[in-house]
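Everything numeric in this text was worked out from a predicted model, so none of it was measured. Here is the naming used below: chain letters follow the sequence lines, and residue numbers restart at 1 for every chain.
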Amino acid sequence: MQNVLIIGATSAIAQAVARQFAERGANLVLWARSAEKMGIVASDLRTRYQAKVVIEAFDFVDFSHHAPALDRAIAAHGELHAAILCHGSLGDQAASQADFSVTDQELLTNCRSALSFLTLLANRFEQQGHGTIAVISSVAGDRGRQSNYVYGTAKAALNTFAQGLRNRLYSKGVHVLTVKPGFVDTPHDRSPAKRARSSPPPDRVARDIIRAIDREQCVLYTPWFWRWIMLIINLIPEPIFRKLKL
Amino acid sequence: MLPFGLGRSYGDSCLNDGGDLLVTEELKHLLAFDAERGMMRCEAGVTLDELLRFIVPRGWFLPVTPGTKFITVGGAIANDIHGKNHHRAGTFGCHVTKFELLRSTGERLICSPTENTAQFAATIGGLGLTGLITWAEFQLLRIENSMIDVEELQFANLDEFFAISAESDADFAYTVSWVDCLAEGPSLGRGIFMRGNHARGDSLSHRLHRPPRLGVPVEFPDFALNQYSIQAFNTLYYAKALEAFSRKIVHYDPFFYPLDAVNHWNRIYGRRGFFQYQFVIPFSGDRKVIREIFQRIAASGQGSFLAVLKTFGERRSPGMLSFPAPGLTLALDFANQGWETLSLFNELDQVVLATGGRIYPAKDARMPARVFQECYPRWEEFRQYIDPAFSSSFWRRVNSPV
């Protein structure tokens, strides 16, 4: 993986992934909304690993920016070998329930912006005949639950879209990885009620992601035990599931 | 609100009962490193542990380090920490060239010895009260390998300690002594003097420290540490230095951070926990004061198996409320025996104040407001630099009218 694009580069998982790629000597292109935060992340990568890092700050809901930004990303270090989508917001389920415009905004940030990136990347990687696209989704997309089904809907759409791409691009030498993290000890997942004591640090999740990219795995649950938790959750019959407080 | 790093201060200076804490764990980025001059700029939540992992392989070391590497850069500045090299290098604050202070108003101040000098002085040793330090720049120390060339010498009493100390301070970058504070009579103040320098030469190991492998899984019962078990420990520890003098090359990790090898070592004090008591008293011709302090501790029967004695040097810190001053410092820990322990501290306070000494806020959980205000006469000047939205449990305790 020589040249890697990281979208949503200031997220805790993205930062950990970037550090591990930089440690291997990769050249990085970072995208995020906040230029200031991303500047700090880039300084860290340059200081620690002498990494070549190019950054571009823009709001991901501005779709007209996507294609030219990708051109610049490719111009920065040459052909991309991997792109990792890490952006998103956990959203506010209560506010989304009360007001569809909030739901719409969540779908825009967590899903539609990602679908736009995926479309562009898929076509580009198909053309070049190689590359890996990794999408950070969530276990929340596996089954709708009352506590966060809006977020779950966005992630479910992302999962299906990525699954379709994986199928379409397999024969073109392009690999698509869907990453489904459980709770991770990051600001994204941190609310007093929700913080699980057993939450793994983002470094461990990043290590799993990079290993899955190397092994061309299709779907990664991380940490590993979420595969089994979600298997059980998915096996609960819907008439029973609807009664549960999840 | 109050910035919170790793919470390793022994008392309530890192707590804010009923208020908010600004957890700095995401401020962990390195911002710039000048490999030629050893100048490091990093965010305030970076720990000394992480810094060492970066700088040691590049031939640099911390300019000043305390007895644990599990503290943050922000905490090192806020407490203006000192180490075994104080007699030469001064405090951590002496090596800070610049930092950014974020105030609750959103204002960002670049503070250095030439810009915003008052905030610079107030923030070094300012216990996190002047605002949030977002990043800091400081000068590192050049090393040739990871090893320390250490000598250990037994001293049979305080007079011998002073004799060794006088001959060591000039030739050794690091000096510190462990004292058996339960020994009485002719052995009063016996202990082991450790002195060392960074080893020279490229041929020695450059390896890093490893993560802790030992841990104390549960709290010990309260009776585990008592006068007799501590006496036994101290006697054995003193006798460990079988010869009166030994010299060896050791890695920096056991030399500087012996307790870091054991996770949750504090649990051996049981549920009631322990107090630290650290003071500095000025050098004076006679040694009556320190002798009196040791006598009072020995007489109280409340032992400490970590009693650390060291001389502080003349190098002044820029910090307005900085603790170290030229003289003799003693750090002790005492199992919490409630009233008995607290009244011993009140006694010691009087001796320390009478001789013009002071007590270390980072290790304090009990000093009365009157004692603090007498120890730090600049506290009123300091007050004007406190961020209006910042406070701490410690500050509310010592800031109250006397």
Quiz item: With distance as the sole criterion, is a donor-acceptor pair present between the side chains of B:Thr123 and B:Tyr385 under 3.5 Å?
Solution: no
Practice problem: Examine whether an atom of B:Arg41 lies under 4.5 Å from a heavy atom of chain A, and if so say whether it belongs to the side chain, the backbone or both; otherwise answer neither. | Solution: neither
Practice problem: Tell me, out of A:Asp44, A:Val41, A:Ile40, who's got the most heavy-atom pairs with chain B below 4.5 Å. | Solution: A:Asp44
Exercise. Could you tell me whether A:Arg145 atom CZ has more than 12 heavy atoms of other residues or ligands within 6.0 Å of it?
Key: yes
Quiz item: Just wondering, are more than 12 heavy atoms of other shown residues or ligands nearer than 6.0 Å to CG in A:Asp62?
Solution: yes
Quiz prompt | Portion of B:Phe33 that has a non-hydrogen atom of chain A nearer than 4.5 angstrom | solution = both
Quiz item: So among A:Lys180, A:Lys155, A:Arg227, which one has a salt bridge (charged side-chain N to carboxylate O under 4.0 Å, His left out) with A:Asp142?
Solution: A:Lys180
